Amino acid sequence: MPSMCIPGRLAKVEISPDGGTTYENLGGIVDVTMNLNIDELECTSHDSNGIREYLPNHSDVSLDISARWMDGDPGQEIVLGAVFAKTTFPFRFTMETALQRKLFTGTAFATTYSPSGPLDDTGAVDITLRCSGVTISTQ
């Protein structure tokens with residue numbers, strides 16, 4: 001049976017500067033991780049027979065991105081501008097394979113934009129995008 005593993009390098013993040021009409025690739029990505037979290041509500045009572053019980057509650061989504069600093073890259077410039085303007089923007093995150101394409105879309109804002117200029121490596125930037133509202137997954 002063939003492996004269902006995919007090369008991570010096929011993932012990409014795109015940012016829209018105009019409300020979702022066009023998208024720019026976020027260049028220089030080295031690593032991107034989508035964090036899907038669901039809060040839990042404890043509903044344990046004396047009737048739970050000594051076993052804790054929980055219900056799913058609100059969810060939140062964020063993207064952690066490590067990238068090579070690419071001065072003038074359209075996607076990186078959109079995010080940097082949005083940091084200073086404190087604005088949201090549409091995004092697309094794609095996990096792409098030859099067999100299927102998983103696409104996540106939504107609206108986000110940057111909570112972290114951390115450029116670094118190390119002595120012995122290339123310039124880098126770490127970005128965290130907080131998704132706001134509904135994030136949709138399609139295939």
Side-chain angles (χ1 to χ4, degrees):
M1 181 159 166
S3 171
M4 295 303 289
C5 295
I6 63 165
R9 69 181 180 281
L10 297 178
K12 67 179 177 177
V13 176
E14 297 170 295
I15 307 296
S16 176
D18 57 12
T21 303
T22 61
Y23 284 83
E24 294 287 347
N25 189 51
L26 184 67
I29 290 179
V30 174
D31 185 49
V32 57
T33 302
M34 177 175 261
N35 306 294
L36 302 158
N37 304 297
I38 298 176
D39 294 338
E40 53 192 46
L41 298 174
E42 185 177 356
C43 54
T44 307
S45 69
H46 290 279
D47 300 320
S48 298
N49 296 320
I51 300 171
R52 297 217 182 269
E53 297 178 311
Y54 298 91
L55 292 174
N57 195 22
H58 299 291
S59 61
D60 66 86
V61 179
S62 63
L63 288 168
D64 293 324
I65 301 165
S66 296
R68 302 288 183 213
W69 175 270
M70 296 177 67
D71 195 30
D73 175 76
Q76 288 189 19
E77 293 295 326
I78 293 166
V79 174
L80 180 58
V83 167
F84 287 106
K86 297 181 182 175
T87 56
T88 62
F89 45 81
F91 76 93
R92 296 192 297 213
F93 172 58
T94 308
M95 293 291 289
E96 192 169 345
T97 71
L99 301 175
Q100 69 181 26
R101 182 177 190 201
K102 185 70 80 172
L103 173 65
F104 299 90
T105 60
T107 301
F109 60 95
T111 60
T112 306
Y113 190 92
S114 304
S116 64
L119 174 65
D120 241 2
D121 201 354
T122 59
V125 61
D126 291 324
I127 300 167
T128 299
L129 302 181
R130 167 64 72 194
C131 304
S132 182
V134 176
T135 300
I136 298 170
S137 169
T138 61
Q139 215 169 337

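Below, all heavy atoms of this structure are taken into account, side chains as well, without hydrogens, waters or symmetry copies. The residues of the chain are indexed from 1 along the displayed sequence. Quick caveat, the model's predicted, so the values are computed rather than measured.
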May I ask whether Trp69 and Val30 are part of the same hydrophobic cluster, defined by side-chain heavy atoms of I, L, V, M, F, W, Y residues being less than 4.5 angstrom apart, directly or through others? no
Single-linkage hydrophobic cluster Ile136~Phe91, side-chain heavy atoms < 4.5 angstrom: no
Distance (rounded to the nearest 0.5 Å) between Arg92 CZ and Leu103 CG: 7.0 Å
Ignoring hydrogens and geometry, is there a side-chain-to-backbone donor-acceptor pair from Ser116 to Pro118 under 3.5 Å? no
Any side-chain heavy atom of Phe89 within less than 4.5 Å of one from Ser16? no
Please name all residues satisfying side-chain contact (heavy atoms from CB on, under 4.5 Å) with Pro56, sequence neighbours left out, ordered by chain then number. Ile38
If you define the side chain from C-beta out and look only at heavy atoms, does anything of Val61 sit under 4.5 Å from Met34? yes
I'd like to check Leu129 versus Ile15 (side-chain heavy atoms, cut-off strictly below 4.5 Å). Are they in contact? yes
Using side-chain heavy atoms (C-beta onward) and a distance below 4.5 Å, is Met70 in contact with Thr122? no
Please walk me through it: do Val32 and Met95 pass side chain to side chain contact (heavy atoms under 4.5 Å, CB included)? CA-CA 10 Å; Val32 57; Met95 293 291 289; 5.9 Å; no
Are any of the side-chain heavy atoms of Glu77 and Asp71 separated by less than 4.5 Å? yes
Please name the pair of heavy atoms, one in Arg52 and one in Thr44, separated by the smallest distance, quoted to 0.1 Å. CA-OG1, 3.1 Å
Would you give the length of the straight line joining atom OG1 of Thr111 to atom CG of Leu63, rounded to the nearest 0.5 angstrom? 10.0 Å
The reported gap from CG in Leu55 to CD in Glu42 (rounded to nearest 0.5 angstrom) is 10.5 Å
Membership question, hydrophobic clusters at under 4.5 Å side-chain separation (ILVMFWY): are Val125 and Val83 in the same one? yes
Chi angles and distances behind the side chain to side chain contact (heavy atoms under 4.5 Å, CB included) call for Ile29, Lys12: CA-CA 8 Å; Ile29 290 179; Lys12 67 179 177 177; 5.7 Å; no
Indicate whether any N or O donor in one side chain lies under 3.5 Å from an N or O acceptor in the other, for Ser62 and Asn35. yes
If you measure from CD on Glu14 to OH on Tyr23, what distance do you get to the nearest 0.5 Å? 8.0 Å
Atom CG in Asp18, atom CD in Glu24: separation rounded to 0.5 Å? 9.0 Å
OG1/Thr112 to CG/Asp64 distance, rounded to the nearest 0.5 angstrom? 8.0 Å
Path from Leu80 to Phe109 over hydrophobic side-chain contacts below 4.5 Å: no
Considering only heavy atoms from C-beta outward, does the side chain of Pro90 approach that of Thr105 to under 4.5 Å? no
Look only at the side chain of Asp73 and the backbone of Gly75, and say whether a donor-acceptor pair between them is shorter than 3.5 Å. yes
Do side-chain atoms of Gln76 reach the backbone of Gly27 as a donor and acceptor pair under 3.5 angstrom? yes
